[in-house]
Amino acid sequence: MPELPEVETVARDLRRAGLVGRVIEDVTVRWPRTLDRPTIEEARLRMRGARVEDVRRRGKFIIVDLSTGEALLIHLRMTGQLDIQPTNEPADEKHHHVLIDLEGGDQLRFKDTRKFGRLYLVAHPDEVVGALGPEPVDQEWTLEEFRKRIAGRRAKVKPLLLNQNFVAGLGNIYVDEALFRARVHPERTTDTLTATEIDALFDAMRAVLEEGIGNAGTTLAEASTNYYSVGGRAGSNKSNLRVFRRTGQPCPDCGTPIERIVVAQRSSHFCPACQTLD
């Protein structure tokens, strides 16, 4: 699933591709469930003639601000991809579920092999993202605020960091990588973390996310269902992963084989020597 660095990359690439300033001429929804709200006909009526004012990110959502004051929110989920292609270029009949015609002869296309992705046309983005936690790469979000959010909790650290209401944008890849850098076992509970470990986790979380953004995200394999940004651009962050999906391979710091366990129904990768449970 695309996480914060991947979604940020897609938003930036859509801006680079010239989506901002384009006028929407029509909308085609081929798989009705892809559009969470409103109805297809209402979306077409409200989006026709609207100009794209901005493209940005909140958590794992792409937000397309429209001149009407409304916003189109896009959640890529597992296999969602966005691209801008000429309207006369054939679209994938099976996997291109939303086609947005743009003035000038192009289409913004939403492709989703597994059909988990969702689009929302709303009067205000907070209708969808209002409950999300703080942005971990926002420089205004401080270590002191992170300490306050953890204080008084007794939760396993891995699922807590995956909770989008606690902090927005993190997923399995970057949580595993942050926990490794902070030397925190994924099954540790927050009430056992020392002040030093909390500080290290804050720094590690921000570092792995900023590194991921700098590398245009993490494309794990060459299959078309993996993450690719606009224009089929792959992310290069896979080479920087230290533990994620490296089960059995030596820890880059101590040489101990990386292990995989399941924490709160999520696969978790860690070094048993560098990240002890006790």
(message) With ring pair (Phe, Tyr, Trp, His ring centres under 6.0 Å) as the rule and sequence neighbours excluded, what pairs involving residues 221-246 come up?
(response)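 For residues 221-246, and leaving out neighbouring residues, the ring pair (Phe, Tyr, Trp, His ring centres under 6.0 Å) pairs sorted by first residue read Phe244-His269.
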(message) Under the ring pair (Phe, Tyr, Trp, His ring centres under 6.0 Å) definition, can you give me all pairs with a residue in residues 102-136, not counting sequence neighbours?
(response) none
(request) Could you check if a side-chain atom of Val52 sits within less than 4.5 angstrom of a side-chain atom of Leu108, using non-hydrogen atoms only? (result) no
(message) Any heavy-atom pair between the side chains of Asp36 and Leu119 that's under 4.5 Å?
(response)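 No, every pair of side-chain atoms sits at 4.5 Å or beyond.
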(message) Please evaluate residues Val7 and Thr9 with respect to the criterion side-chain contact (heavy atoms from CB on, under 4.5 Å), reporting the C-alpha separation (whole Å), side-chain torsions for both, the decisive distance (0.1 Å), and the verdict.
(response) CA-CA 5 Å; Val7 179; Thr9 299; over 6 Å; no
For [Y], is there any backbone N or O sitting under 3.5 Å from a side-chain donor or acceptor partner on [X]?
X: Arg266; Y: Val262; answer: no
X: Gln85; Y: Asp83; answer: no
X: Thr79; Y: Arg114; answer: yes
X: Arg56; Y: Ile62; answer: no

Check this for me: [X], atom [atom1], are more than 12 non-hydrogen atoms of other residues, nucleotides or ligands nearer than 6.0 Å?
X: Arg245; atom1: CZ; answer: no
X: Glu140; atom1: CD; answer: no
X: Arg147; atom1: CZ; answer: yes

(message) Salt bridge check, Arg57 against Glu8: does any charged N sit closer than 4.0 Å to a carboxylate O?
(response) yes
(request) Tell me, with the steps shown, if Glu42 and Arg37 meet salt bridge (Lys or Arg N to Asp or Glu O under 4.0 Å). (result) CA-CA 9 Å; Glu42 286 176 341; Arg37 66 190 81 158; over 6 Å; no
(message) Which label fits Phe146 and Phe202: parallel for a plane angle under 30°, tilted from 30 to 60°, or perpendicular past 60°?
(response)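 Geometry flag for Phe202 against Phe146: tilted rings.
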